[in-house]
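First up is the structure itself, then whatever we jot down about it.
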Amino acid sequence: MSPTRTLPFHAWSPAGGDSAWSADDCRYMARALQLAQRGLYSTDPNPRVGCVIVRDGAIVGEGWHERAGEAHAEVMALAAAGDRARGATAYVTLEPCCHHGRTPPCTDALLEAGIGRVVAAMPDPNPQVAGQGLALLQRAGVVVHCGLLATEARALNPGFVQRMTHDRPWVRLKLAMSLDGRTALASGESQWLTGADARQDVQRLRARSSAILTGSGTVLTDDPSLNVRLSDAPRQPLRAILDSTLRLSPMAQILRLPGQALIFTAVADPDRHAPLQATGAELVVAPRAVGGLDLPAVMAELARRECNEIQVECGPTLAGALLQAGLVDELILYLAPLLLGDKARGLFALPELQRMSDRAEWTIVETRAVGRDWRLRLHLTKPPTFR
C-alpha cells in the first residue's frame, strides 16, 4: 500500500524540535489522549481519537470519537466549544480527516469554525489522508504542528496503524502458563490455570479486539465461548476459527452465541459447509499450507474485513505456527503461581533449535500484578531461526 505524498514532517513541527513544545501543549495533548482512550472498546474499525480545543489558556471544548459512523472527535469538541472555537487551538490525537467517509471531512469543520492552530499527535496512516489533512489546513492559513506525544498516540491504535500501513491486523497472542512454563496438563485440562482477576482482565482485552481467533483443536478440547462477558461491552468481536479439515461440530458453543462466527477452512465442498452455515456461521475457503492453512492469507482476509486488532487464544500448535510465520506482534502472558510438571504441555510447538543464537528474543514492555497472577506484555525483537 503506497501512501499519498505528504509534506516533510519538519514542516509541521515547531521550530526547535521537541524542546519547543510548551508544557501547556503537552498537558492538552495528554488530555486529548485520555479522551481517545474512552473509545477503546467502541470505535472499531475506526481509530480511537480525542480532541481538546483551547482558547486563551482555557479548555473550551472536548470530544472523542465514540462509534464508527458517528461524529469524529473534532466535530464533538467543536460543538462543545461553539463560537469560542474561533481563533482557538485544536489538539487532536490523529491528523484530521480530509475525505468523505461515513461522515464529512473534519478539516472542513475546523476551517468553518475558524480554528487558528492545529496540533496533531501523528499523521493519519490512512492513504486517503496521509498528510493531506494537515497540508490542506496549512494552505488555508491554519498554523499546523504534528508529532506531539506521537508514540503514545500510535500505541493507542496499533491495529489501525498496522492495517493501513501493512495490510494486516495487529496480532495479540494471549497465553497463560505455570511457573514451569506449562499451559495445560498432558490430558489437555487447563481450567483454571489463572485466577478470576486474570480471567476478567482477558475480557477487557477481548472487548478492545476486532476479532478473537482460535484453532479447531482448542474448540474441540475446551468448547470455549470466546465472547466478551462484560455487562457494559458495546459489541461482540468477530469469532474466527481455523479449521482446515472441518472438524467442528455445529453444536460447538462458539457457534451458538450472539455475534458473528467466521470459519476458515481448506474444504470447498458446499455440502460439508451447510451444517455449519445453518448455525449462522460464515465459511471462507483459504489456501492450504504445510500443517494447516496459509496464515498470512487468513490475516489478509481479516484486514480486508477491517479488523484492526486480533486476539489469539489457542494451544501450542497454532501459537507456534503464528510465531514461525512472523505474525505475532504482541504476546500477553499470564504467569500463574503453580507447577504442573514436565509432562504438561508447553507454550509453543516449534521445531528444535540447532544453536542458541537461533532463539527468539522478546522485550518485556509491561509487567503488572493481576490478582494472584502476573501479566507480562512482550514484543518480539528477534524471531527464531529454524535450519
Side-chain angles (χ1 to χ4, degrees), residues 41-42 44-46 67-69 102 159 163 167-174 188 191 202-203 205-230 233-319 321-322 325 327:
Y41 305 126
S42 60
D44 201 75
N46 288 357
R67 289 177 181 82
R102 299 180 187 178
R163 180 165 66 86
D167 290 324
R168 76 168 181 86
W170 179 267
V171 177
R172 180 183 299 111
L173 175 61
K174 190 279 294 182
Q191 295 182 333
V202 171
Q203 293 296 315
L205 289 174
R206 286 181 184 178
R208 67 173 288 169
S209 302
S210 308
I212 313 300
L213 177 69
T214 193
S216 58
T218 296
V219 176
L220 293 171
T221 300
D222 297 336
D223 193 25
S225 59
L226 297 187
N227 62 344
V228 177
R229 297 185 291 276
L230 298 175
R235 60 183 179 84
Q236 286 292 334
L238 175 71
R239 297 190 296 277
I241 308 105
L242 305 185
D243 187 8
S244 59
T245 60
L246 281 191
R247 300 187 295 163
L248 287 181
S249 164
M251 300 306 295
Q253 187 174 205
I254 197 171
L255 303 179
R256 296 193 165 273
L257 293 169
Q260 180 63 40
L262 179 66
I263 301 170
F264 289 93
T265 183
V267 176
D269 182 354
D271 290 337
R272 294 190 60 191
H273 290 192
L276 296 169
Q277 289 172 329
T279 69
E282 180 182 356
L283 278 77
V284 173
V285 178
R288 283 189 180 273
V290 176
L293 298 174
D294 184 322
L295 295 176
V298 168
M299 293 303 169
E301 174 62 19
L302 290 171
R304 190 188 70 78
R305 292 169 181 260
E306 298 187 305
C307 290
N308 291 332
E309 298 178 24
I310 306 298
Q311 178 148 316
V312 182
E313 301 189 24
C314 65
T317 300
L318 180 54
L322 288 166
L327 293 173

Could you tell me if the side chain of I241 sits less than 4.5 Å from the side chain of L255, heavy atoms only?
yes

Heavy-atom closest pair (C307 atom, I310 atom, distance to 0.1 Å) is CB-CD1, 3.7 Å

Are H273 and V285 packed together at the side-chain level, in the sense that at least one heavy-atom pair is separated by less than 4.5 angstrom?
yes

Listed partners of R239 passing salt bridge (Lys or Arg N to Asp or Glu O under 4.0 Å), at least two apart:
none

Considering all heavy atoms, the nearest R305-V284 contact
NH2-CG2, 3.5 Å

Derivation of the side-chain contact (heavy atoms from CB on, under 4.5 Å) call for V267 and L283
CA-CA 10 Å; V267 176; L283 278 77; over 6 Å; no

Where A233 and V228 come nearest, the two heavy atoms and their spacing:
CB-CG1, 3.6 Å

Any non-hydrogen side-chain atom of P237 less than 4.5 Å from a side-chain atom of Q311?
no

Taking the side chain as C-beta and beyond, is there a heavy-atom pair between D223 and M251 under 4.5 Å?
no

For S249, which residues count as a side chain to side chain donor-acceptor pair (under 3.5 Å) partner, sequence neighbours excluded?
none

Heavy atoms only: give me the nearest R206-N227 pair and the separation to one decimal.
NH1-O, 2.8 Å

Compare all side-chain heavy atoms of R168 with those of L327 and state whether any distance is below 4.5 angstrom.
yes

Side chain to side chain donor-acceptor pair (under 3.5 Å) against S210, all qualifying residues, sequence neighbours excluded:
D44

Can you confirm whether L213 sits close enough to C314 that some side-chain heavy atom of one is under 4.5 Å from a side-chain heavy atom of the other?
no

Quick one: pull up CZ in R208 and CD in Q203 and give me the separation to the nearest 0.5 Å.
15.0 Å

How long is the straight-line distance from CD1 of I254 back to OG1 of T214, given to the nearest 0.5 Å?
6.5 Å

Are I212 and E313 close enough, and set up right, to give a side-chain contact (heavy atoms from CB on, under 4.5 Å), and what steps lead you there?
CA-CA 7 Å; I212 313 300; E313 301 189 24; 4.2 Å; yes

pair L295-L318: side-chain heavy atoms closer than 4.5 Å
yes

For S42, the side chain to side chain contact (heavy atoms under 4.5 Å, CB included) test, sequence neighbours excluded, returns R67, P234

Measure the CD1-CG distance between I263 and L276 for me, rounded to the nearest 0.5 Å.
4.5 Å

For the student: nearest non-hydrogen atoms of F264 and A240, plus distance
CE1-CB, 4.3 Å

By side chain to side chain donor-acceptor pair (under 3.5 Å), which residues pair with R172, not counting sequence neighbours?
E309, E330

Find the distance between CG (L242) and CG (D294) and round it off to the nearest 0.5 Å.
11.0 Å

Can you run down the salt bridge (charged side-chain N to carboxylate O under 4.0 Å, His left out) pairs that involve residues 245-269, sequence neighbours left out, and say none if there aren't any?
none

Rounded to the nearest 0.5 Å, the CG atom of D222 sits from the CD atom of Q253 at a distance of 11.0 Å

So, for L293 and T265, which heavy atoms are closest and what is the spacing to 0.1 Å?
CD2-C, 3.8 Å

Answer whether the closest heavy-atom distance between the side chains of L302 and M299 falls below 4.5 Å.
yes

